[in-house]
Engineer: 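Let me give you the structure first, and then I'll get to my questions.
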Amino acid sequence: MNKTVCIIRDDMYHPKELIDPQMEKVFDREVWNVVLSNRLRDVIESSDSVDLLVMFTVGRPDGEGDITFDEQERVISRVKDGMGILFVHAGLVLIEEDSPFYKTLNSGRFIGHSHNHVPVENVPIRNVAHPILDGVEPFTVMDEHYYCQVNIGRTDMLMLSTSEAVTAAGGWAHSFGKGKVVGLTPGHTEEALGNPQMIQLLKNASNWATTN
């Protein structure tokens with residue numbers, strides 16, 4: 001039976017026209033049932049089974065209020081029951097330090113980024129072995145470099161990202177109840193999101209997050 005992935009994407013700075021073609025490379029339609037939306041509430045308000053939730057944006061279209069702490073708790077409950085979740089780049093935005101997504105789920109949280117697109121070197125951490133890193137080599141791309149706060153005592157750090165300004169967390173992952181959580185910071189530009197190493201990261205992360 002195919003696995004179902006719901007991909008939350010498409011806002012002013014992260015349009016579906018950039019993201020959707022790359023997702024065709026990540027999710028083989030013979031394996032995955034792909035659902036595309038720009039609303040996280042489509043998942044929150046539905047009882048349909050979802051194996052994997054991928055957030056490229058915060059999932060709050062213009063005109064809607066931010067995802068509330070109660071709504072975050074409903075997502076967390078589904079992860080605890082076995083749904084995998086990937087926070088990629090802008091999916092890490094608008095996560096407050098006292099929010100359930102950070103305090104309970106520990107997705108990490110965006111706190112700033114480079115003012116321009118800059119060369120960002122993404123490197124798996126030495127001496128760290130993890131299925132998400134299988135076959136992934138260091139890659140440098142022009143990207144918007146994200147700086148995130150991560151509770152490193154509650155997750156496994158996988159990758160670092162370095163620009164001219166700073167070295168910061170690039171990727172992390174951990175289990176949560178019956179589910180799994182992954183955070184990846186690259187992916188603002190087509191060059192970054194479409195890089196073969198980033199595609200491999202996303203494939204690996206998606207498979208790991210949906211494997212018991």
Side-chain angles (χ1 to χ4, degrees), residues 5-9 11 13-14 19 26 40 43-44 52-60 66-69 71-80 83-114 118 120-125 128 130-133 136 139 141 143-163 165-177 179-189 192-193 197-198 201-202 204-206 208-210:
V5 55
C6 183
I7 303 172
I8 307 299
R9 82 289 182 257
D11 64 19
Y13 301 107
H14 312 91
I19 295 170
V26 175
L40 179 56
V43 175
I44 294 171
L52 179 66
L53 175 62
V54 182
M55 295 185 60
F56 282 99
T57 70
V58 298
R60 186 262 298 142
D66 291 343
I67 305 302
T68 67
F69 284 9
E71 288 173 317
Q72 291 184 27
E73 291 283 7
R74 292 167 67 182
V75 174
I76 289 170
S77 178
R78 295 183 72 162
V79 176
K80 189 174 183 180
M83 182 179 74
I85 188 166
L86 272 60
F87 293 87
V88 184
H89 194 67
L92 293 157
V93 175
L94 296 184
I95 298 177
E96 301 298 329
E97 193 168 18
D98 61 345
S99 71
F101 270 1
Y102 184 70
K103 290 183 66 177
T104 304
L105 195 62
N106 186 31
S107 64
R109 57 185 295 268
F110 165 87
I111 57 174
H113 62 69
S114 58
V118 295
V120 181
E121 183 181 16
N122 302 287
V123 180
I125 297 174
V128 171
H130 195 285
I132 292 176
L133 299 177
V136 176
F139 62 103
V141 288
D143 204 2
E144 184 179 68
H145 192 196
Y146 263 28
Y147 318 138
C148 287
Q149 178 184 13
V150 182
N151 185 335
I152 60 174
R154 294 180 56 205
T155 194
D156 297 318
M157 298 302 300
L158 304 180
M159 187 171 72
L160 298 175
S161 296
T162 299
S163 66
V166 68
T167 294
W172 56 91
H174 58 275
S175 296
F176 181 84
K180 294 178 180 178
V181 182
V182 181
L184 296 171
T185 64
H188 184 82
T189 63
L193 189 57
Q197 302 304 319
M198 185 66 185
L201 268 173
L202 289 167
N204 291 351
S206 299
W208 178 79
T210 54

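The analysis underlying the following values was restricted to heavy atoms, covering all of them including side chains, and did not include hydrogens, waters or symmetry mates. This one's a predicted model, so the numbers in the text were calculated from it and none came from an experiment.
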Engineer: Does Phe69, at its CZ atom, have more than 12 non-hydrogen atoms belonging to other residues, nucleotides or ligands within less than 6.0 Å?
Structural biologist: yes
Engineer: Any donor and acceptor pair, going by atom type alone, linking the side chain of Asn106 with main-chain N or O of Asn151 inside 3.5 Å?
Structural biologist: yes
Engineer: Could you grab the distance from atom CZ of Phe87 to atom OG1 of Thr185, nearest 0.5 Å is fine?
Structural biologist: 14.0 Å
Engineer: Do the side chain of Ser77 and the main chain of Glu73 share a donor and acceptor less than 3.5 angstrom apart?
Structural biologist: no
Engineer: Using 0.5 Å steps for rounding, measure from the OH atom of Tyr147 to the OG atom of Ser163.
Structural biologist: 4.5 Å
Engineer: In sequence, state the C-alpha distance, the side-chain angles, and the governing distance for Met83 and Leu53, and then conclude on side chain to side chain contact (heavy atoms under 4.5 Å, CB included).
Structural biologist: CA-CA 7 Å; Met83 182 179 74; Leu53 175 62; 4.0 Å; yes
Engineer: Step by step, work out the side chain to side chain contact (heavy atoms under 4.5 Å, CB included) result for His14 and Phe56.
Structural biologist: CA-CA 8 Å; His14 312 91; Phe56 282 99; 5.7 Å; no
Engineer: Under 4.5 Å between any side-chain heavy atoms of His130 and Trp208, yes or no?
Structural biologist: yes
Engineer: Run the side chain to side chain donor-acceptor pair (under 3.5 Å) test against Ser161 and tell me which residues pass, sequence neighbours left out.
Structural biologist: Asn122
Engineer: Quick check for you: to the nearest 0.5 Å, what is the distance between Ile19 atom CD1 and Thr57 atom OG1?
Structural biologist: 7.0 Å
Engineer: Angle class for the Phe110/His113 ring planes (parallel below 30°, perpendicular above 60°, tilted otherwise)?
Structural biologist: tilted
Engineer: Do Met159 and Pro186 have side chains that approach each other closer than 4.5 Å (heavy atoms only, starting at C-beta)?
Structural biologist: yes
Engineer: Just by distance, do the side chain of Arg154 and the backbone of Thr104 share a donor-acceptor pair under 3.5 Å?
Structural biologist: yes
Engineer: Of the non-hydrogen atoms in Val43 and Arg78, which two are nearest, and what is the gap between them?
Structural biologist: O-NH1, 2.7 Å
Engineer: Apply side chain to side chain contact (heavy atoms under 4.5 Å, CB included) to residues Glu144 and Tyr13 and explain how you reach the verdict.
Structural biologist: CA-CA 11 Å; Glu144 184 179 68; Tyr13 301 107; over 6 Å; no
Engineer: In this structure, are over 12 heavy atoms from other groups packed under 6.0 Å from Ile111 atom CD1?
Structural biologist: yes
Engineer: Are any non-hydrogen side-chain atoms of Val75 and Gln72 less than 4.5 angstrom apart?
Structural biologist: no
Engineer: Is the backbone N or O of Ala173 less than 3.5 Å from a side-chain atom of Thr155, with the two atoms forming a donor-acceptor pair by type?
Structural biologist: yes
Engineer: Check whether any side-chain heavy atom of Phe176 sits under 4.5 Å from a side-chain heavy atom of Ile76, and report yes or no.
Structural biologist: yes
Engineer: Restricting to non-hydrogen atoms, name the atom on Glu71 and the atom on Ile67 that form the minimum distance, rounded to 0.1 Å.
Structural biologist: OE1-CA, 3.5 Å
Engineer: For a quick test of reading the model, state the closest non-hydrogen atom pair linking Gly187 to Asp143 and the distance between them.
Structural biologist: N-OD2, 3.0 Å
Engineer: Are side-chain heavy atoms of Val166 and His145 found at a separation under 4.5 Å?
Structural biologist: yes
Engineer: Measuring from Gln197:CD to Asn204:CG, what's the distance to the nearest 0.5 Å?
Structural biologist: 10.0 Å
Engineer: Without swapping roles, check the side chain of Arg109 against the backbone of Ser99 for a donor-acceptor pair under 3.5 Å.
Structural biologist: no
Engineer: Do Leu184 and Leu202 make a side-chain contact, defined as non-hydrogen atoms from C-beta onward lying under 4.5 Å apart?
Structural biologist: yes
Engineer: Between Thr167 and Thr162, which heavy-atom pair has the shortest distance, and what is it?
Structural biologist: OG1-OG1, 2.8 Å
Engineer: Hey, does the side chain of His174 reach the backbone of Leu105 with a donor-acceptor pair shorter than 3.5 angstrom?
Structural biologist: yes
Engineer: Checking side chain to side chain contact (heavy atoms under 4.5 Å, CB included) between Phe101 and each of Ile95, Leu92, Val181, which is the one that passes?
Structural biologist: Ile95
Engineer: To check you understand the geometry: which heavy-atom pair defines the closest contact between Lys180 and Ser175, and what is its length?
Structural biologist: CG-OG, 4.0 Å
Engineer: Could you label the plane-to-plane angle of the His89 and Tyr146 rings as parallel, tilted or perpendicular, counting under 30° as parallel and over 60° as perpendicular?
Structural biologist: parallel
Engineer: If you take all heavy atoms of Leu52 and Ile85, which pair is closest and at what distance?
Structural biologist: CD1-N, 4.0 Å
Engineer: Any side-chain heavy-atom pair from Val5 and Val54 closer than 4.5 angstrom?
Structural biologist: yes
Engineer: Rounded at 0.5 Å granularity, tell me how far OG in Ser206 sits from CG in Leu201.
Structural biologist: 10.5 Å
Engineer: Rounded to the nearest 0.5 Å, how far apart are CG of Asp66 and CG of Leu40?
Structural biologist: 11.5 Å
